[in-house]
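Note that ligands are numbered from 1 as they come in the structure, with each ligand's atoms numbered from 1 the same way.
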Amino acid sequence: PHMEPRATCSAAAPLVERQFRVLVGVTGSVAALKLPLLVSRLLDIPGLEVAVVTTERAKHFYSPQDVPVTLYSDADEWEMWKCRSDPVLHIDLRRWADLMLVSPLDANTLGKVASGICDNLLTCVIRAWDRSKPLLFCPAMNTAMWEHPITEQQVGQLKAFGYVEIPCVAKKLVCGDQGLGAMAEVGTIVDKVKEVLSQHGGFQQN
Ligand SMILES: CC(C)(CO)[C@@H](O)C(=O)NCCC(=O)N/C=C\S
């Protein structure tokens with residue numbers, strides 16, 4: 001996968017309004033089965049460009065042919081960087097994206113982000129994230145995990161970094177448990193992205 005060339009504007013060419021770039025991060029919660037729906041709904045927003053960064057565990061829950069945008073995973077970083085002059089994918093991606101949406105954010109990746117662990121492409125992008133750009137996260141995990149005291153601590157840490165939580169909801173989860181931990185509905189997530197887009201100016205919804 002290549003990175004889109006940056007829109008170069010010169011005196012000769014008119015200023016080209018580029019698309020607003022949303023980088024979706026997906027992790028190993030069963031809620032990752034919603035990725036195709038989420039991407040499809042985001043692509044319905046005029047002027048949006050979408051790419052996805054997946055963890056290895058997340059791959060278990062969707063098939064790439066149902067995700068019609070560039071899908072980056074750990075191997076892409078390795079293949080792209082062979083010698084010192086090669087690009088560094090997680091740095092390219094932090095520059096490329098205008099907004100990051102981690103949906104779902106599983107318990108494991110929540111813990112990594114809260115403590116600065118960056119052992120894969122997704123956590124490296126987040127670790128290097130420009131906090132002047134919005135980062136939205138959608139926790140999703142079993143109720144027992146959600147209710148563990150460490151969850152509140154780590155969600156609080158992410159909010160302290162300035163990241164925006166799209167809270168989980170109570171449902172009868174796929175494992176049969178009833179309670180909090182289900183990822184927010186895709187409609188809720190897309191509405192939140194639109195809300196943040198409108199606040200960040202330069203990108204008015206028509
Ligand atoms: C998958 C979906 C969206 C179906 O409505 C819902 O159950 C959910 O968000 N689950 C995420 C919580 C989770 O990771 N549970 C893991 C063990 S119960």
Side-chain angles (χ1 to χ4, degrees), residues 22-45 48 50-69 71-74 99-127 129 134-159 161 163-196:
V22 173
L23 186 61
V24 176
V26 61
T27 64
S29 161
V30 63
L33 60 79
K34 297 262 180 118
L35 180 70
L37 176 64
L38 173 64
V39 169
S40 154
R41 291 287 163 78
L42 289 172
L43 290 173
D44 287 344
I45 303 175
L48 230 55
V50 179
V52 176
V53 178
T54 185
T55 66
E56 289 306 302
R57 290 286 170 278
K59 292 179 172 178
H60 187 72
F61 298 103
Y62 63 85
S63 34
Q65 70 255 22
D66 297 333
V67 183
V69 297
L71 179 65
Y72 295 102
S73 63
D74 296 353
L99 178 148
M100 183 137 203
L101 171 65
V102 188
S103 173
L105 177 65
D106 66 15
N108 180 46
T109 306
L110 168 61
K112 289 182 181 180
V113 173
S115 38
I117 291 173
C118 37
D119 60 354
N120 57 23
L121 178 59
L122 176 56
T123 51
C124 282
V125 176
I126 298 171
R127 186 70 174 73
W129 188 248
L135 187 152
L136 285 54
F137 63 97
C138 312
M141 63 193 79
N142 174 276
T143 306
M145 285 187 166
W146 179 259
E147 288 171 351
H148 190 290
I150 194 133
T151 307
E152 184 182 14
Q153 286 178 25
Q154 293 179 335
V155 170
Q157 185 65 65
L158 268 61
K159 289 175 168 177
F161 296 152
Y163 308 154
V164 176
E165 181 191 21
I166 303 177
C168 60
V169 296
K171 258 186 189 172
K172 185 169 173 52
L173 298 173
V174 290
C175 57
D177 290 353
Q178 166 71 37
L180 280 169
M183 186 171 78
E185 295 302 334
V186 168
T188 306
I189 298 168
V190 172
D191 286 347
K192 192 68 187 173
V193 170
K194 285 179 177 173
E195 183 191 318
V196 172

All N/O donor-acceptor pairs, side-chain side in residues 27-45, below 3.5 Å, sequence neighbours left out:
from	atom 1	to	atom 2	distance (Å)
Thr27	OG1	Pro104	O	2.5
Thr27	OG1	Asp106	N	2.8
Ser29	OG	Ala31	N	3.0

- Query: Taking C-beta and beyond as the side chain, do Asp74 and Glu56 meet within less than 4.5 Å on heavy atoms?
  - Reply: yes
- Residue list, side chain to side chain donor-acceptor pair (under 3.5 Å) with Lys159, at least two apart or on another chain: Glu165
- Task: Would you indicate whether the side-chain heavy atoms of Lys192 and Leu101 approach each other to under 4.5 Å?
- Result: no
Contact table ligand 1 N or O to protein N or O, d under 3.5 Å:
from	atom 1	to	atom 2	distance (Å)
ligand 1	5 (O)	Lys171	NZ	3.2
ligand 1	9 (O)	Met183	N	2.8
ligand 1	14 (O)	Ser29	OG	2.8

- Query: Can you pull the side-chain hydrogen bond (donor to acceptor under 3.5 Å, both in side chains) pairs that have at least one residue in residues 140-149, sequence neighbours excluded?
  - Reply: Asn142-Asp177
- Item | Passing option when Ile126 is tested against Val53, Val102, Leu23 for side chain to side chain contact (heavy atoms under 4.5 Å, CB included) | Val102
